[in-house]
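Working notes, beginning with the structure itself.
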Amino acid sequence: MADISVIAGPSSPDLAAGIAGRLGADLVSTELRVFSDGESKIRLDKPAGTKCVLVQSAHPPTDTNLMQAMMIARKCADDGAKVCLVMPYLAYARQDRAFLEGEGVSAALVARLLEASGVSAIVTVDIHSQMALSYFKNARNVSSIPLLAEHAGKMKIKRPLVVSPDAGGADRAKEFARLLKADAVALKKSRDRKTGEVSIEKIDFDGSGRDTILVDDMISSGGSIIKAAEVLRKAGAGNVYAMCAHALLVGDAAQRIMASGVKDIVATNSIPGRYAKVDMSAPLADAALLAL
Ligand code: R5P
């Protein structure tokens, strides 16, 4: 596509190349320098043209990746381009409302900052809440569930039971199970709003002899998956797999999850890394094209 370019943000070069390939678009590389105080300086290797798809996920270092997205978008918009930002992992989406008195709505702030930087449309993957997207004027969310379920279908999973660690993810698990022709249940999770400590309750289901697939939008500290896997094992489940859109896997989360007995972690390439096994470039390219 001659009039569209795809800009490879420093956090997502491979995904950007995949999207450019799908669109048959020109790929613009970015050259990044980080100064000793942590400040980023970015240069595009060629002009972005009139329409561009900027690909930059906002996984850790979250604020740096977010800032770099704003810097690139501003440069492209100043040069006259219409900018569609593909930010598969949109940081701050969990702060879509004030949960405790004195808190701000940071998801709304992020939307205002990105739009002020020249982003005219945003495409995300498995956004944590629709409320977070509602702060943007032009936003689209792409579900990872069809491709994750397709991947699960190729794994040797025995009598799969699809499990959401919390009630909020029940519909996600149901959709996954529908595509896999399996059953779904949702556990009951509660989180201490001050400490972040998670507890998960068993609900009434028989997991004996069944392999289970824990499905979540993101795995960050791994706390939710580890606690949920514990509940599933007590319910007699066989192998436990963890699948998600966004494998943030902060610190030693992956090692702790595997040490807790989870057989494998499968994630999309919304965030690059060892567990990014499911390629989202095709649906993201389609969504970006519609958004532009
Ligand atoms: C929360 O509601 C999300 O859907 C995830 O379950 C959560 O953010 C995962 O975080 P962690 O891995 O730190 O438990």
Side-chain angles (χ1 to χ4, degrees), residues 1-32 40-59 62-93 106-127 130-144 245 268-271 279-292:
M1 226 156 276
D3 61 336
I4 298 183
S5 64
V6 174
I7 303 175
S11 75
S12 307
D14 295 343
L15 183 60
I19 292 174
R22 296 276 171 181
L23 291 175
D26 203 16
L27 184 65
V28 178
S29 302
T30 48
E31 187 187 293
L32 170 69
S40 301
K41 185 172 184 182
I42 299 176
R43 193 181 147 264
L44 307 187
D45 75 340
K46 53 191 153 193
T50 53
K51 286 183 184 177
C52 69
V53 177
L54 163 59
V55 187
Q56 171 87 343
S57 215
H59 50 277
T62 300
D63 292 349
T64 299
N65 286 337
L66 208 48
M67 181 67 190
Q68 290 173 356
M70 291 189 257
M71 292 167 70
I72 300 169
R74 189 68 265 157
K75 166 67 182 152
C76 297
D78 285 347
D79 289 349
K82 184 172 182 196
V83 183
C84 169
L85 171 64
V86 172
M87 186 166 268
Y89 175 64
L90 175 65
Y92 291 91
S106 301
L109 169 67
V110 167
R112 285 169 69 181
L113 290 171
L114 287 170
E115 286 177 348
S117 307
V119 170
S120 61
I122 183 162
V123 175
T124 58
V125 171
D126 285 30
I127 188 72
Q130 284 305 320
M131 175 86 104
L133 271 200
S134 72
Y135 299 120
F136 289 89
K137 293 194 185 79
N138 183 5
R140 276 162 206 273
N141 182 59
V142 173
S143 170
S144 69
T268 76
N269 59 349
S270 83
I271 297 174
D279 180 19
M280 291 296 292
S281 55
L284 286 173
D286 293 345
L289 203 54
L290 289 172
L292 273 173

**Prompt:** If you measure from CG on Asn141 to CG on Asp126, what distance do you get to the nearest 0.5 Å?
**Reply:** 6.0 Å
**Criterion side chain to side chain contact (heavy atoms under 4.5 Å, CB included) against Ile122, the qualifying member of Asn138, Leu90, Val83** = Leu90
**Prompt:** Checking side chain to side chain contact (heavy atoms under 4.5 Å, CB included) against Leu292, which of Thr50, Ile4, Asp3 comes through?
**Reply:** Ile4
**Message:** With heavy-atom distances below 4.5 Å as the criterion, would you say the side chains of Asn65 and His59 are in contact?
**Reply:** yes
**Request:** Step by step, work out the side-chain contact (heavy atoms from CB on, under 4.5 Å) result for Val110 and Tyr135.
**Result:** CA-CA 9 Å; Val110 167; Tyr135 299 120; over 6 Å; no
**Asked** Is the backbone of Arg43 close enough, under 3.5 Å, to the side chain of Glu31 for a donor and an acceptor to pair up by distance?
**Response** no
**Asked** Given Thr124 and Arg140, is the side-chain contact (heavy atoms from CB on, under 4.5 Å) satisfied, shown in steps?
**Response** CA-CA 6 Å; Thr124 58; Arg140 276 162 206 273; over 6 Å; no
**Message:** Using side-chain contact (heavy atoms from CB on, under 4.5 Å), reason through Lys46 and Asp26 one step at a time and then give a plain yes or no.
**Reply:** CA-CA 10 Å; Lys46 53 191 153 193; Asp26 203 16; 3.5 Å; yes
**Request:** Could you tell me whether the side chain of Lys75 reaches within less than 4.5 Å of the side chain of Ile72, counting heavy atoms only?
**Result:** no
**Request:** Under the side-chain contact (heavy atoms from CB on, under 4.5 Å) rule, what do Ser57 and Leu15 come out as? Steps first, then yes or no, please.
**Result:** CA-CA 9 Å; Ser57 215; Leu15 183 60; over 6 Å; no
**Partners meeting salt bridge (Lys or Arg N to Asp or Glu O under 4.0 Å) with Lys82 (sequence neighbours left out)** = none
**Asked** Which distance, rounded to the nearest 0.5 Å, do you find between the CD1 of Ile19 and the CD1 of Ile7?
**Response** 12.0 Å
**Spacing of Met71 atom CE and Leu44 atom CG [to the nearest 0.5 Å]** = 10.5 Å
**Prompt:** Is Tyr89 close to Thr268 at the side-chain level, that is, under 4.5 Å between some pair of heavy atoms?
**Reply:** no
**Request:** Could you tell me the separation between the OG1 atom of Thr30 and the CD1 atom of Ile42, rounded to the nearest 0.5 Å?
**Result:** 6.0 Å
**Request:** Keeping to residues at least two apart or across chains, list the salt bridge (Lys or Arg N to Asp or Glu O under 4.0 Å) pairs with something in residues 281-292.
**Result:** none
**Any Leu284 side-chain heavy atom under 4.5 Å of Arg22 side chain** = no
